[in-house]
There are 2 protein chains.
Amino acid sequence: MNLTARTAEQIGEALRRTRKARGWTQSDISARTNLRVATISSLENGDAGTKLATVLAVMAALGLEFRLVERGGSLDIEDIF
Amino acid sequence: MNLTARTAEQIGEALRRTRKARGWTQSDISARTNLRVATISSLENGDAGTKLATVLAVMAALGLEFRLVERGGSLDIEDIF
DNA sequence: GTTCCTTTTGCGGCATAGCGTAAATAAAAG
DNA sequence: CTTTTATTTACGCTATGCCGCAAAAGGAAC
């Protein structure tokens, strides 16, 4: 899974793929975050107007965290081994 | 540098540290992003209401990108070598 | 002290996120 | 196919981001 993101579209895609990998629906995320399903939908579809708080809530629900890395920076160890 | 972030405060801190490491001012970022200095300030101080577009613009100006990784996930290769 | 640069805070304004609710599509299951 | 579930879109609403602009506060150097 490539979870590198420089755009809202890439973040939305990564969140949707992670959610599906967990076997969850947008409704499940909604229940865990108190965000509306419509808000999750908008985020997954790449709305750059989404608030940081919303992104972080969904990330937390999915068990994800951010790493801020240099563009073209070090590879993740799992990309090698 | 630990650039792992789960909160707006951690993202703001990481952005500020990266900016300083580049020897730049908030005004420099402002010029590169067309965001106000006040907006950069707010973001660096951990305002979770900041829009994703704003975060991404500052990240791009700093030459950074996101990686979405599992909490407690794989280490960055530079943490080993 | 003063000067200079940087960061933070405040104001009025416009644009829009996220809310509740609901309906309309889309996709999956039977 | 029909039924069920999932996702998207729309309405009116309140809250707030970001804007320009400005002033205040903080920090470093002299």
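Owing to the predicted nature of the structure, the values given are computational and were not obtained by experimental measurement.
Between Arg67(A) and Glu70(B), none of the side-chain N atoms (NZ, or NE/NH1/NH2) sits under 4.0 Å from a carboxylate O, so this pair counts as no salt bridge.
Judged purely by atom type and a 3.5 angstrom limit, Ser30(B) uses its side chain to pair as donor or acceptor with the backbone of Leu35(B). Side-chain N or O atoms of Thr18(B) include one that pairs as donor or acceptor with a backbone N or O of Ala14(B) at under 3.5 Å.
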Fill in the blank from the handout: Its contact letters, B for base, S for sugar-phosphate only and - for none at protein heavy atoms under 4.0 Å, make nucleotides 14-30 of chain D read --SSSBBB---------
Problem - Heavy-atom protein contacts under 4.0 Å, nucleotides 23-30 of chain C, coded B base, S sugar-phosphate only, - none - result: --------
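Among all heavy-atom pairs drawn from Asp28(A) and Gly23(A), the shortest one is OD2-O, 4.5 Å. Heavy-atom minimum distance, Thr33(A) versus Ala57(A): CG2-O, 3.5 Å.
Here Gln26(B) reaches the OP1 or OP2 of dT8(C): one of its side-chain N or O atoms lies under 4.0 Å away. Residue Arg19(A) places at least one side-chain N or O closer than 4.0 Å to OP1 or OP2 of dT7(D).
End-to-end axis angle of the helix from dG1(C)-dC30(D) to dG30(C)-dC1(D), from C1' rotation axes over five pairs per end: 60° (rounded to 10 degrees).
A straight line from CZ of Arg16(B) to P of dT6(C) spans 14 Å, rounded to a whole angstrom. Atom pair Asn45(A):CG and dT7(D):C1' shows a separation of 9 Å (rounding to whole Å applied). For the pair Leu43(A) CG and dT9(D) P, the interatomic distance rounds to 14 Å; values are reported in whole Å.
At least one side-chain heavy atom of Leu15(B) sits under 4.5 Å from a side-chain heavy atom of Leu68(A). At least one side-chain heavy atom of Trp24(B) sits under 4.5 Å from a side-chain heavy atom of Leu62(B).
With Asn45(B) as reference, Arg16(B) is the one residue of Glu9(B), Glu13(B), Arg16(B) to meet the side chain to side chain contact (heavy atoms under 4.5 Å, CB included) rule.
In terms of the side chain to side chain donor-acceptor pair (under 3.5 Å) criterion, residue partners of Arg6(B) (sequence neighbours excluded) are, by chain and number, Glu65(A). When the side chain to side chain donor-acceptor pair (under 3.5 Å) test is applied to Gln26(A), the partners found at least two apart in sequence or on another chain are Glu44(A).
For residues 47-57 of chain A, every residue pair satisfying the side-chain hydrogen bond (donor to acceptor under 3.5 Å, both in side chains) rule, not counting sequence neighbours, is listed here: Ser42(A)-Asp47(A).
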